[in-house]
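Take a look at the structure set out below.
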There are 2 protein chains.
Amino acid sequence: LSLPIRYDDWPDDLKSLQRAVYYADALFETIRVSGGRLCWWPYHWERLTAGLLALGYELPAPWTADFFEREILKIAPSDARVRLTVWRSPGGLYYPDCNTPLYVIEAKPLPQLVALPPPRLTICTSVRLPMDAFSNFKTLNAARYVAAAREARTRGYDDGLLLNSAGRVCEATSSNLMWWQGDTLCTPALSEGCVAGVMRRVVLEKARATGIPVLETTCTPEQLAAAEAMFLTNAIRGMVPVGALDGRVLVPGE
Amino acid sequence: LSLPIRYDDWPDDLKSLQRAVYYADALFETIRVSGGRLCWWPYHWERLTAGLLALGYELPAPWTADFFEREILKIAPSDARVRLTVWRSPGGLYYPDCNTPLYVIEAKPLPQLVALPPPRLTICTSVRLPMDAFSNFKTLNAARYVAAAREARTRGYDDGLLLNSAGRVCEATSSNLMWWQGDTLCTPALSEGCVAGVMRRVVLEKARATGIPVLETTCTPEQLAAAEAMFLTNAIRGMVPVGALDGRVLVPGE
């Protein structure tokens, strides 16, 4: 890695990343491409543009849902995991000099996910998530998810659930959490500080459309410990049953 | 700005920034250099290495306080504002493939700060800060400070105070907050979620050493509204009296 240690020696293309590297002043979307089509793209686009507006970015005229759909499909294989990252142009300290966004697209072949066993989760204790309107966007402020992923793996689990500042269950490191309470489908409310996940929205809308009662609620670790069935949702993997929570088996493995 | 929009086309030096740009998996220090010497460098180094340990970075053998002091002084003018940014090598999703850190140093001539009038502050309502051990480190997760800086400026103030998830006063966008309560010097406790500021530490240590009572405490917006004198601390500007809070004048301006 040949990166100059002196910032002034960075080439201009590196410097254009300044506000992402300095302040995580950026948003991203992780999008599934299946059979050459973007899945749930209108929902991703809606969340991304809502985030850009909230962060005070200007939206350049060419930036439409159609434009990015075309750009992504130029790059992505027909079945892909795509990451679209958007950050603010360089300049300023916390207060930005300029609100023009820049972007990059990364596309990787979709991993073989079906064969993975149901994940064994633990409730992470090393970090707590904030709770505000910002929490619902996919900003780059992910150091706590990195810490939770490390804590879970170090302790022998596949993934971790994060608590919010109030000590209630919020989400997994890269998925929303849902569980059944009788015949009601439950998930932490957006006000609990979770990401407004695209698959969360898809699942809740489908449940409501088919008459399944839905409850966006709060959940203490003790309440979750009593749940009989739970699953994770994200835009890449869809709905994934939780195999075990802190050693309590929910879906027997092989 | 000539940045390729396709991540695979990024040169290797850009890709080495991946975990900073993707996850804000990084820490930084902002250091004052005066008369060719680093100010409070042992405190910066102590905080940085504590953060690296907490985030699970390996500390390469050459990375000592003396090494970075030399590297910084090679680059910095004799009076400078220096930013040292450290991030994790590329690879992995939230769970990292590798824990080797990379770094960059930026040095700028120290701005003329003395002439600035006492800042007029407001309490920001658009974001809330998290409250955990992570909050005390200077991670790249600064999008909320950017939002608060924008909110304050948009509303006609110089800077903003941020509340934590419990709705209590935490810190300014790039400074700690202190105030007098009788003859006691007060500041939000580290458990309130503020950055463990180097100048905060310096001021509290000097106060204690000279017999001034110090209280690390909690503070509601209502309690702060009753304070007669308050100031901001950071490593670049030192101690700065607050000129006004939400229109209530504390230090008459010109």
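All chains are named by letter (A, B, ...) in the order of the sequence lines, taking the proteins before the strands, and each is independently numbered beginning at 1. Treat the numbers as computed from the prediction; the structure is a model and nothing was measured.
In this structure a side-chain-to-backbone donor-acceptor pair under 3.5 Å is present from A:N136 to A:C194. With hydrogens and angles ignored, the 3.5 Å screen pairs a side-chain donor or acceptor of B:R47 with a backbone N or O of B:A196. Not a single donor-acceptor pair under 3.5 Å links the side chain of B:N234 to the backbone N or O of B:G197.
Ranked by non-hydrogen atom pairs under 4.5 Å with chain A, the options B:E151, B:M131, B:R128 are led by B:R128. Chain B forms the most heavy-atom pairs under 4.5 Å with one residue out of A:L129, A:L55, A:D159, A:D8, and that residue is A:L55. In terms of heavy-atom pairs under 4.5 Å with chain A, the best-connected choice from B:Y7, B:Y103, B:Y94, B:W87 is B:Y94. Heavy-atom pairs under 4.5 Å with chain A were tallied for B:A147, B:S126, B:G56, B:P11; the largest tally goes to B:G56. Comparing A:V104, A:T139, A:D9, A:T173 by how many heavy-atom pairs each has under 4.5 Å with chain B, the most go to A:V104. The candidate with the highest count of non-hydrogen atom pairs below 4.5 Å against chain A, out of B:A149, B:P96, B:A143, is B:A143.
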The test is salt bridge (Lys or Arg N to Asp or Glu O under 4.0 Å); show your working for A:D25 and A:R19 and say whether it passes. CA-CA 6 Å; A:D25 185 4; A:R19 290 189 69 85; 2.9 Å; yes
Going through the checks in order, is the side-chain contact (heavy atoms from CB on, under 4.5 Å) test met by B:M199 and B:N176? CA-CA 8 Å; B:M199 187 53 57; B:N176 289 105; over 6 Å; no
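Separation of atoms OG (B:S191) and CG (B:N164) is listed at 9.0 Å; rounding is to 0.5 Å. Within the model, atoms OG of B:S174 and CZ of B:R237 stand 9.0 Å from one another, a figure rounded to the nearest 0.5 Å.
Of the two parts of B:T85, only the side chain, counted from C-beta on, holds a non-hydrogen atom closer than 4.5 Å to a non-hydrogen atom of chain A. A:A107 touches chain B through its backbone: at least one of N, CA, C or O sits under 4.5 Å from a heavy atom, while the side chain does not. For B:R88, the part sitting under 4.5 Å from any heavy atom of chain A is the side chain, from C-beta outward, and nothing else. For B:L17, the part lying under 4.5 angstrom from a heavy atom of chain A is the side chain only. Contacts of A:S135 with chain B are made by both backbone and side-chain atoms, with heavy-atom separations under 4.5 Å. Heavy atoms closer than 4.5 Å to chain A are found in the backbone of B:A54, but not in its side chain. For A:L84, no part sits under 4.5 Å from any heavy atom of chain B, backbone or side chain. Heavy atoms of B:E71 lying under 4.5 Å from chain A belong exclusively to its side chain. With a 4.5 Å cut-off on non-hydrogen atoms, B:F28 touches chain A through its side chain but not through its backbone.
For the pair A:R83 and B:Y22, the cation-pi test (distance below 6.0 Å, angle within 45°) is passed.
When all heavy atoms of A:N141 and B:A142 are compared, the pair lying nearest together is OD1-N, 3.1 Å.
At least one side-chain heavy atom of A:L93 sits less than 4.5 Å from a side-chain heavy atom of B:R81.
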